[in-house]
Each structure stands twice: as structure tokens, then as C-alpha cells.
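I have placed the structure first, in the form of C-alpha cells, so that the comments after it can refer back to it.
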Protein chains: 2
Amino acid sequence: MMSTRKTEISSRQRDILKFIQCYLDEHGYPPAIRDISAGCGISSTSVAVFHLKKLEEKGYIRRRPDISRGIELASASDREEASVPLIGIIAAGMPVPVPSADTWSEADSADLIKVPRVLLAGAENVYALKVKGDSMQDALISDGDIVIMESAVVVENGETAAVWLKNEKEITLKKVFREGGHIRLQPANKHYPAIIVSAGNVEVQGKVVAVLRNLL
Amino acid sequence: MMSTRKTEISSRQRDILKFIQCYLDEHGYPPAIRDISAGCGISSTSVAVFHLKKLEEKGYIRRRPDISRGIELASASDREEASVPLIGIIAAGMPVPVPSADTWSEADSADLIKVPRVLLAGAENVYALKVKGDSMQDALISDGDIVIMESAVVVENGETAAVWLKNEKEITLKKVFREGGHIRLQPANKHYPAIIVSAGNVEVQGKVVAVLRNLL
DNA sequence: TAGACTACAGAACAGTTGTTCGATTGTAAA
DNA sequence: TTTACAATCGAACAACTGTTCTGTAGTCTA
């Protein structure tokens with residue numbers, strides 16, 4: 001019963017795990033077994049293999065047999081971020097840019113921004129817009145914010161969307177509720193009033209997935 | 001003069017570059033030359049080597065000679081995100097958790113969140129807090145938002161900080177301005193009034209670096 | 001004490017992988 | 001046409017690297 005529990009690892013194993021993370025950070029590719037041995041002061045590759053097996057059993061890493069440097073961290077840091085194209089700006093009196101089919105295939109790395117994948121919650125066909133002006137403070141959105149959008153022309157009740165009001169010729173970010181022929185647009189800031197508009201006056205431009213704000 | 005300019009790459013080279021990115025995304029380690037050949041429909045490793053040299057000359061990748069899978073992307077996607085410890089919640093009537101010295105050394109991967117490094121703008125000693133309640137809507141911050149903070153006890157004029165008001169026993173996020181003995185706390189939402197407090201009543205808990213909001 | 005387990009070392013083997021050389025083809029410039 | 005160069009193929013070599021085997025040593029438990 002004194003045996004190590006599944007999630008517990010020895011100090012040597014923690015060393016190795018940390019070394020792998022650092023090496024990956026520094027080089028962009030994983031270390032070879034001999035790199036690990038040397039880096040952790042182990043004088044035999046078999047010892048590294050031994051601990052690597054433990055780490056794999058305990059779920060900290062994954063390995064591909066017979067593949068050089070085929071070590072993956074279970075906390076797969078790479079998979080936890082996505083590249084999203086920044087395709088334009090969003091402001092009150094302006095329709096939002098609409099992503100074209102090849103927005104995502106043409107990797108114009110200049111306009112790609114990194115977003116933690118957890119923020120995306122599995123959404124696909126996402127793109128980013130930079131907010132211009134203070135017209136969306138009722139949506140708790142500030143000038144300079146980055147809004148992550150998902151392509152959509154319909155939204156579920158209660159979801160936040162970028163809505164184009166045809167009559168007013170205005171873009172607004174609000175929670176959308178269908179209510180008997182009319183549509184209620186509810187600001188995120190509860191101190192602001194909801195507005196009721198006719199279904200024909202609204203055009204959903206996309207769902208709001210996330211908001212990034214940089215204060216520095 | 002018709003020769004390819006430095007930044008231009010052939011379609012084959014773009015293919016290879018894209019393949020490397022995808023492979024890295026999928027596996028967590030770079031492809032071997034033979035993986036590239038197979039993945040791009042090239043039947044000789046020397047052709048891949050040939051194009052890899054071009055890509056390196058043009059600055060798109062870096063290579064380590066004689067190292068298996070020793071390919072680094074110049075756009076170092078890995079270096080573009082940071083892990084930030086999520087150490088607690090922030091709410092109106094509660095002092096914010098203060099990070100201890102070993103908050104950053106003890107990698108409790110459970111409470112680490114990934115943040116694009118561009119959002120950090122070089123800030124160090126950053127930590128994350130989850131916002132509880134709607135008390136900070138004047139700061140354009142919503143219930144459920146993640147606030148990225150930087151340890152600091154002093155702030156420059158105009159910077160946004162988490163401020164503890166001793167008399168009111170309340171946390172608030174505001175822009176801080178020193179104005180002749182007093183301090184003006186300015187909400188991000190311009191429709192809300194600034195408040196003036198005595199210097200002795202404020203205690204800066206940290207700078208606000210960024211805000212993440214997930215609507216889905 | 002014997003048995004089981006963890007941790008380590010050294011070495012040999014085999015598979016993976018980077019490198020290099022020679023040869024071929026197509027296009028564009030001299 | 002000749003020359004130059006980009007792009008390709010095939011094959012062989014050498015280095016890198018993962019795997020495995022044989023030992024040794026220390027600790028804990030029955």
C-alpha cells in the first residue's frame with residue numbers, strides 16, 4: 001500500500017518531465033533519449049527509457065515507438081492554441097467583414113492571431129475582428145478589444161451575436177431572443193435596456209465566441 | 001532580375017511548409033525528411049532536403065544538422081503562448097488572492113491556462129483570476145471573465161489596476177490617476193463616473209494585463 | 001534471510017533518419 | 001545552341017537514436 005499512486009511521480013521523473021518541457025520550449029522539437037540522459041545527469045539511456053515508461057503509464061506523456069524524438073506531452077500545449085485570421089474591424093456604423101471560403105486556407109501568417117483553444121469551445125470557422133470605438137460598451141466591449149466570431153446566420157436563443165440592424169444601419173453585439181414575431185436584443189450589461197426589433201430588421205452576421213482585451 | 005526574391009517561395013515549398021505546420025500540430029514533434037516526402041508526394045528524400053534548404057535560406061524554418069526531426073518553424077508558434085496560473089477568483093467584496101513566490105515554480109498543471117504571449121506584452125509574474133459577479137461592469141468586465149494580472153504594488157498614471165478600497169472593503173478594477181494628494185479612479189466605461197479617494201484608502205493589488213471572455 | 005521492487009550502468013543491436021552523390025528533365029537566359 | 005538553374009529521382013552511406021539484455025545496488029516486506 002506504500003507503492004506510488006498513479007498520479008505520483010518520483011523526483012527523477014519530475015526532473016525528466018520538466019527537462020522535456022524546457023527542451024521543447026527551447027528547441028521546438030522533443031529531446032532524444034540521450035538528450036534526456038545527458039540533461040538529467042543519467043549515464044545510461046536505459047534509465048531514461050525506464051522512467052519514460054513510468055511517465056507514459058501515469059499519463060504524463062505519450063510515445064511513438066521507433067520514432068526519433070517521438071515524445072508528446074499529455075498536456076499537449078500545441079493543441080491548446082489555434083490560429084485565427086484577423087480579417088478586419090468591427091464598428092458601430094459599419095457592416096462586419098464577412099469571411100470568404102478561403103479565409104482559412106490562405107494562411108497569411110501576418111494576420112493570424114493565436115487563441116487558446118479552450119476559449120473556442122470547439123467552434124469552427126472562427127475569425128477575429130478588432131473593435132473600433134466605444135459604441136459597444138453595453139456589450140462590455142471596449143475600443144481595441146479583439147472579438148472572436150464564428151460564422152453563423154442563425155443563433156440559438158440567448159447566444160450573443162453580431163447583429164446588423166438594417167433600418168438603423170448599425171452593428172451591435174447582443175444576446176438574441178426570439179419572442180413571438182419580434183426579436184429582443186439584450187445587452188450584456190444589465191444596466192442597459194433591451195431593445196425590441198422586428199425579425200425583418202435583423203441580420204445575424206455571426207456568433208460571438210470570445211473577447212480578448214489587452215490593457216498594456 | 002527575374003529570380004525569386006528572398007521572401008517568395010514556390011508552391012512546392014509552401015506545401016512543405018504547410019505540411020510541417022500541420023504535422024507539428026498533429027503530433028507534437030516535427031516530421032522526418034521521409035515524412036515530408038511521403039506527405040507531399042515526393043518520391044525522394046533529396047528533393048525534400050533541397051526545398052528545406054531553400055526554406056531555411058529564406059528564413060521560414062531553422063534546421064539542426066544531423067538531428068532527427070530537427071526542424072524549427074521560424075514563426076515559432078510554441079513560443080507564442082504562455083502558461084499562466086489561475087490562482088483564484090476576484091469579486092467585489094473580497095481581497096484578491098495574492099500569488100506567493102512559488103506560484104510560478106510549482107507547475108500545478110491543473111490550474112494553468114494558456115494565454116497568447118502577445119496579450120502579455122512582455123509582462124512577467126502574471127497570474128489569472130476568474131471574475132465572480134457583475135460588480136465590475138463599469139470596467140467592461142463580465143461575470144465569468146478571466147482577468148490576467150501582473151504583480152505590482154505601484155502603477156503608472158493611467159494604468160488599469162485591481163485596487164482594494166480599505167474603507168469600503170471592496171475590490172474594484174479602474175484606471176488609476178494620482179492627482180495632488182488624492183487618487184482618481186476612472187472606470188473603463190465612460191458612462192460611469194470617476195471616484196476620488198484619498199491615497200491612504202487605496203491598496204494596489206496588481207496591474208490588469210488582459211481580459212479573456214468566453215461567450216460559448 | 002529471501003523475494004520483490006525501484007533505480008541505475010554499460011553495451012550491443014537494429015531501425016530510423018539526415019546527408020550526399022550522380023543522373024535526368026524542363027525552362028529561361030546568353 | 002549552349003549554358004545555367006530549378007526541380008526531380010534513386011541509391012548508398014553514416015550518423016542518430018530507440019530497444020533490449022545483462023548486471024549491480026539499495027530498500028522494503030514477509
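All chains are named by letter (A, B, ...) in the order of the sequence lines, taking the proteins before the strands, and each is independently numbered beginning at 1. In this text, all values refer to a predicted model and were calculated from it rather than measured experimentally.
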**Prompt:** With respect to the phosphate group of dA7(C), does any side-chain polar atom (N or O) of Q13(A) fall under 4.0 Å of OP1 or OP2?
**Reply:** yes
**Request:** Rounded off to whole Å, could you give me the CZ-to-P distance for the R62(B) and dG18(C) pair?
**Result:** 18 Å
**Request:** May I have the distance from E56(A) (atom CD) to dG18(D) (atom P), rounded to whole angstrom?
**Result:** 13 Å
**Flag for Q137(A)-D143(A): side-chain donor and acceptor within less than 3.5 Å** = no
**Asked** Counting side-chain heavy atoms from C-beta on, which of dT17(C), dG10(C), dC8(C) comes nearest to V47(A)?
**Response** dC8(C)
**Asked** Which nucleotide in the set dT8(D), dG10(C), dG18(C) lies at the smallest distance from any side-chain heavy atom of H51(B)?
**Response** dT8(D)
**Prompt:** R69(B) has a side chain; which of dC9(D), dT16(C), dT17(D) sits nearest to it?
**Reply:** dT16(C)
**Request:** Taking N201(A) for its side chain and K166(A) for its backbone only, find out whether a donor-acceptor pair lies under 3.5 Å.
**Result:** yes
**Request:** Could you work out which one of dT8(D), dT19(D), dC9(D) sits closest to the side chain of F50(B)?
**Result:** dT8(D)
**Request:** Counting heavy atoms from C-beta on, name the nucleotide in dT17(D), dT20(C), dT8(D) closest to the side chain of R34(A).
**Result:** dT17(D)
**Asked** Does OP1 or OP2 of dT8(D) have a side-chain N or O of S43(B) closer than 4.0 Å?
**Response** no
**Fill in**
To the nearest angstrom, the CD-P distance between E72(B) and dG18(C) comes to 14 Å
**Prompt:** How would you label the contact of R63(B) with the nucleic acid (heavy atoms, under 4.0 Å): base, sugar-phosphate, or nothing?
**Reply:** sugar-phosphate
**Prompt:** Does D138(A) pair with K174(A) as a salt bridge, N-O distance under 4.0 Å?
**Reply:** yes
**Item:** Between C1' of dG15(C) and CD1 of I67(A), the distance in whole Å
**Value:** 11 Å
**Message:** In whole Å, I'd like the distance from the NZ atom of K54(B) to the P atom of dT8(D).
**Reply:** 11 Å
**Prompt:** Between D15(B) (CG) and dT8(D) (C1'), how many Å, whole number?
**Reply:** 15 Å
**Request:** Mind calculating the distance between CG (D66(B)) and P (dC16(D)) to the nearest angstrom?
**Result:** 5 Å
**Asked** With distance as the sole criterion, do the side chain of S68(A) and the base of dG15(C) form a donor-acceptor contact below 3.5 Å?
**Response** no
**Message:** Please determine whether a side-chain nitrogen or oxygen atom of R64(B) lies at a distance below 4.0 Å from atom OP1 or OP2 of dC16(D).
**Reply:** no
**Prompt:** Using 4.0 Å as the upper bound for N to carboxylate O, is an ion pair formed by D35(B) and R69(B)?
**Reply:** yes
**Prompt:** Looking at K207(A) and E159(A), does any basic side-chain N land under 4.0 Å from a carboxylate oxygen?
**Reply:** yes
**Asked** Could you give the OH-to-P distance, from Y29(A) to dT16(C), as a whole number of Å?
**Response** 21 Å
**Asked** Going by modelled atom types, is there a donor-acceptor pair between the base of dG10(C) and the side chain of S44(A) at under 3.5 Å?
**Response** yes
**Item:** Check: T45(B) side chain, dG18(C) base, donor-acceptor under 3.5 Å
**Value:** no
